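These notes concern the structure reproduced below.
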There are 2 protein chains.
Amino acid sequence: MVNKELTLDTEEKILQAATKVFERDGYAGARMQVIADEAGMNKALLHYYFRSKEKLFSKIFLEKYNKFFSTLSILADQEMDFFEKIDKVIDSYMEMLIQNPEMPSMLINTITHHPELIQKLNTEGAQKMRIVLQSESEKGNIIAVESLQILTSVVGLCIMPFLAKPIAMHVFKLDMDFYQQVLLNRGPFVKKAVRAILKP
Amino acid sequence: MVNKELTLDTEEKILQAATKVFERDGYAGARMQVIADEAGMNKALLHYYFRSKEKLFSKIFLEKYNKFFSTLSILADQEMDFFEKIDKVIDSYMEMLIQNPEMPSMLINTITHHPELIQKLNTEGAQKMRIVLQSESEKGNIIAVESLQILTSVVGLCIMPFLAKPIAMHVFKLDMDFYQQVLLNRGPFVKKAVRAILKP
DNA sequence: TAAAATATTTACCAAATGGTTAAATTAAAT
DNA sequence: ATTTAATTTAACCATTTGGTAAATATTTTA
């Protein structure tokens, strides 16, 4: 590697372009040529830097999702009141979703098309969270129910309006501004909802 | 059309095979040849009966999802106690999901790859449900909040364990039997959760 | 039974696509 | 300045894929 700065720049351009295209079109729908156009360069360069479409996607996917899962891990380890912790989890979910509304659907698409990538996701953070829930349940601080039911509920409550956005906007004939407002109000609503659900 | 019975049979074989493949591989990942193999016939026959991959997918997709939405519509119209109605909605969701666990991810994939098909979904049933919620909210029987927040919550609570299945099984190292039990317990859990959320 | 209509198969094609190769260009090192 | 190494481009290729045309088989009709 000779010109480090320039190289990183090209690599970065590719990654950004590829992220955009993969998010918009999914893996199977994405075209290397389109990514190259988007990055303003030749298609062969993509292969020069990342060997294959598969490897390019894998890198982007794992980096993005493992980063999110690792914030979960950090939160789980922090010393704080249980409901405060739950609120923080919801906050971090919502923040990530507002910045990055396509993450859930990209994850779903990846389950369908690249199940092997799912195996490479960090499991630590979510596991810790499950243990926290089990412990609170045993102490009687929250309802006694399989912790998976709770975890999927929190995640589902957070991401659903993002997943359903195109359908909901069509079905209820809503405009973007209105829907954006619904999304921004989601965090506080979910916090209340989760408290209500968890009350023993 | 000469031999009605035989023709329907072939058509039905194609539709079943295509449904299976589209569900498993998504639209972009599905191959006409694979569908033909699955149906035990020649690829050209698919085009003879359905013209194109697009048309075949479109037919399957709309039939499947509009059927579900129309049961929503029927439920919304029925004269019954509000919470009983909500329970019935949850029951019909869960029943559909147990029979057809890939429906949510197929819908998400379609949003990504065929946004124009979303425009063709029946809107009636969901609209009626929204009005029911708004009315109950105004009467003070449930919390006062934008009805979309409630609708997305109910849907999200129902479908999340199905969407998350592959990830959850990996992250928490669960076996199929255990997860199936979680899914079967989901209905009652969601009913309780929704009641807790809606309590004014 | 003959021919007309319909259903199915075989063989093929054009376009698209991921990927490669080798040449050209640029930058770094000596 | 010349060599060496890294980067970029242009041209090309093999494969895959949706789709078609024409031949063949089957069923219906007259």
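Here the structure is a predicted model, which is why all the values come from computation and not from measurement.
Against DNA chain C, the stretch residues 18-37 of chain A makes heavy-atom approaches under 4.0 Å through A:A30, A:R31, A:M32.
Scored by the ring-ring contact (aromatic ring centres under 6.0 Å, His included) test, A:Y179 finds no partners at all (sequence neighbours excluded).
Protein atom NE2 of A:H47 is 9 Å distant from nucleotide atom C1' of C:dT17, rounded to whole Å. Nucleotide D:dG19 holds its P atom 15 Å from the CG atom of B:L45, rounded to whole Å. Computed from coordinates, the B:K53 NZ to D:dG18 P distance equals 4 Å when rounded to whole Å. Nucleotide D:dA5 holds its P atom 13 Å from the OH atom of A:Y48, rounded to whole Å. Between A:L46 atom CG and C:dT20 atom P there is a gap of 13 Å when expressed in whole angstrom units. Rounding to whole angstrom units, CG of residue B:N42 and P of D:dA21 are separated by 16 Å.
Applying the salt bridge (charged side-chain N to carboxylate O under 4.0 Å, His left out) rule to pairs touching residues 35-57 of chain A yields A:K20-A:E38, sequence neighbours excluded. Each salt bridge (charged side-chain N to carboxylate O under 4.0 Å, His left out) pair with one or both residues in residues 177-195 of chain A, not counting sequence neighbours, appears once here: A:D87-A:R195, A:D91-A:K191. Listed by first and then second residue, the salt bridge (charged side-chain N to carboxylate O under 4.0 Å, His left out) pairs that reach into residues 145-163 of chain A are A:R130-A:E146, sequence neighbours excluded.
At a cut-off of 3.5 angstrom, the base of C:dG18 holds at least one donor-acceptor pair with the side chain of A:K43.
The side chain of B:T10 contributes no N or O atom lying less than 4.0 Å from OP1 or OP2 of C:dA7. The phosphate of C:dT8 (OP1 or OP2) has a side-chain N or O of B:Y49 nearer than 4.0 angstrom.
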What pairs of donor and acceptor atoms, side-chain ones from residues 113-120 of chain B against any protein atom, are under 3.5 angstrom apart with sequence neighbours left out?
from: B:H113; atom 1: ND1; to: A:D25; atom 2: O; distance (Å): 3.4
from: B:H114; atom 1: ND1; to: B:E116; atom 2: OE2; distance (Å): 3.0

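For the pair B:N66/B:F61, no side-chain contact is recorded, criterion being any heavy-atom separation below 4.5 Å from C-beta on.
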